[in-house]
Amino acid sequence: GQQLNQSPQSMFIQEGEDVSMNCTSSSIFNTWLWYKQDPGEGPVLLIALYKAGELTSNGRLTAQFGITRKDSFLNISASIPSDVGIYFCAGQNDMRFGAGTRLTVKP
Amino acid sequence: EAQVTQNPRYLITVTGKKLTVTCSQNMNHEYMSWYRQDPGLGLRQIYYSMNVEVTDKGDVPEGYKVSRKEKRNFPLILESPSPNQTSLYFCASGNQGLMNTEAFFGQGTRLTVV
């Protein structure tokens, strides 16, 4: 099956800093999905990308669908304490996820 | 309210005692999937089902069984649980359309096998 490599594995940042994480695949995707898991909860969809080169924003979150269709990036601007959690990327169709990026935000 | 419901939320059991974790969704989704989440390993897919009576192995199926007799239910069965199956389990459902594959997750089941 397809391999999803997500990095970094964890990040420790100060409140107000920007965050960037990415996901790469061994296969070409037609869809990229980014999820966030709050502590003690199941993951919830943040952003969906459907077109190579697409840049989509959702508040302070921005995600991009790579031109090669094998990667995607998620950026969080001006981080706040409630951004804490694990962020997962997922490819289309078989609902497999990357290993996640654990984000810690220090007030 | 559209949701995926797992039961129980917490379970402590002993090695070898068969158990079932239930999962039910009310969104008429065709696709359902089970994951286990372990520190540093993310969400690993155990089994998935693309429709009623259709199930397939994910990446870590050993020691687990599933069934999909009805569209809304997708129980996870551990016939003889072992301590290495101690984990946090999530069920998810979604539509298997070409463009819309958002997964909706349950609240999770924390299983401890002693």
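Lettering follows sequence order; numbering is per chain, from 1. All of these numbers come straight from a predicted model, not from anything done at the bench.
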Participant: Quick one: does A:Tyr35's side chain have a donor or acceptor within less than 3.5 Å of a partner on A:Phe97's backbone?
Facilitator: no

Participant: Without hydrogens or angle criteria, can the side chains of B:Ser49 and B:Thr55 be said to hold a donor-acceptor pair below 3.5 Å?
Facilitator: no

Participant: Hey, are B:Asp38 and B:Ser87 close enough side-chain-wise for a donor-acceptor pair under 3.5 Å?
Facilitator: yes

Participant: Do B:Asn73 and B:Ser24 pair up side chain to side chain, a donor and an acceptor below 3.5 Å, judged on atom types alone?
Facilitator: yes

Participant: For chain B, find its close neighbours in residues 7-16 of chain A: heavy-atom separation under 4.5 Å, sorted by number, or none.
Facilitator: A:Gln9

Participant: Can you list the other members of the hydrophobic cluster that holds B:Leu78, where links are side-chain heavy atoms under 4.5 angstrom apart?
Facilitator: B:Leu11, B:Leu19, B:Val21, B:Met32, B:Trp34, B:Ile46, B:Tyr47, B:Val60, B:Tyr64, B:Val66, B:Phe74, B:Leu76, B:Tyr89, B:Leu111, B:Val113

Participant: Using heavy-atom distances under 4.5 Å, tell me whether A:Gln37 contacts chain B through its side chain, its backbone, both, or neither.
Facilitator: side chain

Participant: Counting only non-hydrogen atoms closer than 4.5 Å, does B:Ser93 touch chain A with its backbone (N, CA, C, O), its side chain (CB onward), both, or neither?
Facilitator: backbone

Participant: For the candidates A:Pro43, A:Ala48, A:Gly42, A:Ala99, which exhibits the highest count of non-hydrogen atom pairs separated by less than 4.5 Å from chain B?
Facilitator: A:Pro43

Participant: Going from SG on A:Cys23 to CH2 on A:Trp34, what distance comes out if it is rounded to the nearest 0.5 angstrom?
Facilitator: 5.0 Å

Participant: Parallel, tilted or perpendicular: which one describes the rings of B:Phe90 and B:Phe105, with boundaries at 30° and 60°?
Facilitator: perpendicular

Participant: Are A:Phe65 and A:Tyr50 near enough that their ring centres are under 6.0 Å apart?
Facilitator: no

Participant: Identify, with sequence neighbours excluded, every residue that meets salt bridge (Lys or Arg N to Asp or Glu O under 4.0 Å) alongside A:Asp38.
Facilitator: A:Lys36

Participant: Under a 4.5 Å heavy-atom cut-off, does chain A meet the side chain of B:Gln6, its backbone, both or neither?
Facilitator: neither

Participant: Listed by residue number, which members of residues 79-88 of chain A have a heavy atom under 4.5 Å from any heavy atom of chain B?
Facilitator: A:Ile86, A:Phe88

Participant: Under the criterion side-chain hydrogen bond (donor to acceptor under 3.5 Å, both in side chains), I'd like the reasoning laid out for A:Asp18 against A:Ser77: C-alpha separation, chi angles, the key distance, then a yes or no.
Facilitator: CA-CA 4 Å; A:Asp18 296 343; A:Ser77 62; 5.0 Å; no

Participant: With distance as the sole criterion, is a donor-acceptor pair present between the side chains of B:Asn26 and B:Arg72 under 3.5 Å?
Facilitator: no

